[in-house]
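Reading through the structure tokens given below for one structure.
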Amino acid sequence: MSLFSAMAVSASGMAAERTRAELLVENLANAETTRTPEGGPYRRKDAVFASQPMATSFASLFESHLQEGVAVQEISVDQRDPERRYLPGHPDAGADGYVAFPRINPAEDMVDLVSASRSFEANVAAISSVKDMIMRSIDLFK
Amino acid sequence: MLDGLSDTLERYMDLLSARQKLVSSNIANADTPGYRTQDIDFQSELRSALQGASPQPFEVAGLQVKNDGNNVSLDREARLLAENGMQFNLASNLLRSKIQKVKEAIQSGSGT
């Protein structure tokens, strides 16, 4: 029974939360973007998490039911209609004078960003606690 | 390894690390839709671990389920994380003092 795989689980959590934070920051940066390579305004992205069994070594395959890591399963793209604002002078305005803006609520993204950051910290705390336990075990030989 | 008590301590630490793994999993999956908190019944698992059985995790009941079907409570996991760490600390100190005694016996026998 190795404690090292517990660190792998926490590390997978950190990686997933980091991906989520990156997407949220991207959303905030592109809150007013009206042009994208795909055409049309920017669309809000979000990470969808799924738990997955972790096996770092052969021995832990037998214990994989004990622990589940996390991974970003897919990145969901907001398919809602863009927000339309009346700006006739805008270069991207349509014939009716409306411009399609991304449907992004900065407050919503900020709240999610704080949540991602807190979850990241929780994983860091778990790693440091497990690290302490490993160090204690090593100190038994001293 | 050394005597009956050391064996018990060893199992105890094994079980603590198994529980710490579950806590790590729960924390890592704090934002996973549909994930349910996993835990072991420490008291009864320790009793069966002394007979050589491996721990069986179960889904914890009575936790508040969020809109996405996830019921991980970070407060609960933080408490367990600290609790496990302290218990492991205690057990490792006990085991260390046992090992220390054996080492002392070996060294005083060498006649230096």
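For clarity, every value in this text was computed on a predicted model and none was experimentally measured. Chain letters run A, B, ... following the sequence lines, proteins first and then strands; every chain starts at 1.
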Margin query: Taking side chain to side chain contact (heavy atoms under 4.5 Å, CB included) as the criterion, tell me which of Asp68(B), Asn70(B), Thr32(B) meets it with Phe49(A).
Written below: Thr32(B)
Notebook entry, point to check: Side-chain contact, heavy-atom cut-off 4.5 Å: Val130(A) with Ser24(B)?
Noted result: yes
Next item on the list: Kindly indicate whether the side chain of Arg136(A), heavy atoms from C-beta on, has any atom under 4.5 Å from the side chain of Asn93(B).
Entry: yes
Under 4.5 Å from a heavy atom of chain B, the part of [X] involved:
X	value
Arg20(A)	side chain
Asp132(A)	neither
Phe141(A)	backbone
Glu17(A)	side chain

Checklist line | Shortest non-hydrogen contact from Ala28(B) toward Val9(A) | finding: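 That would be CB-O, 3.6 Å.
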Notebook entry, point to check: Nearest heavy-atom pair of Leu140(A) and Leu95(B): which atoms, and what distance?
Noted result: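 Nearest heavy atoms, Leu140(A) then Leu95(B): CD1-CD2, 3.8 Å.
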Working to the nearest 0.5 angstrom, can you tell me the gap between [X] [atom1] and [Y] [atom2]?
X	Y	atom1	atom2	answer
Ser137(A)	Arg96(B)	OG	CZ	11.5 Å
Ser115(A)	Asp31(B)	OG	CG	4.5 Å
Ser128(A)	Leu81(B)	OG	CG	7.5 Å
Leu3(A)	Phe88(B)	CG	CZ	6.0 Å
Asn29(B)	Ser119(A)	CG	OG	11.0 Å
Met133(A)	Gln87(B)	CE	CD	9.5 Å

Check whether [X] and [Y] end up in the same hydrophobic cluster, where Ile, Leu, Val, Met, Phe, Trp and Tyr are linked by side-chain heavy atoms less than 4.5 Å apart.
X	Y	answer
Leu15(B)	Leu9(B)	yes
Leu22(B)	Val60(B)	no
Leu74(B)	Tyr35(B)	no
Ile127(A)	Val23(B)	no
Tyr98(A)	Phe101(A)	no

Margin query: Would you say that more than 12 heavy atoms from the other residues, nucleotides or ligands in this model lie under 6.0 Å from the CZ of Arg18(A), or not?
Written below: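 Result for CZ/Arg18(A): open.
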Note to self: Which one wins on heavy-atom pair count under 4.5 Å against chain B: Ser51(A), Gly13(A), Ala50(A), Ser10(A)?
What the structure shows: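 Among Ser51(A), Gly13(A), Ala50(A), Ser10(A), the one with the most close pairs to chain B is Ser51(A).
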Check: What part of Lys103(B) lies closer than 4.5 angstrom to a heavy atom of chain A: side chain, backbone, both or neither?
Finding: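 For Lys103(B), the contact with chain A is made by the side chain alone.
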Next item on the list: Heavy-atom distances under 4.5 Å only: say whether Glu77(B) touches chain A with side chain, backbone, both or neither.
Entry: neither
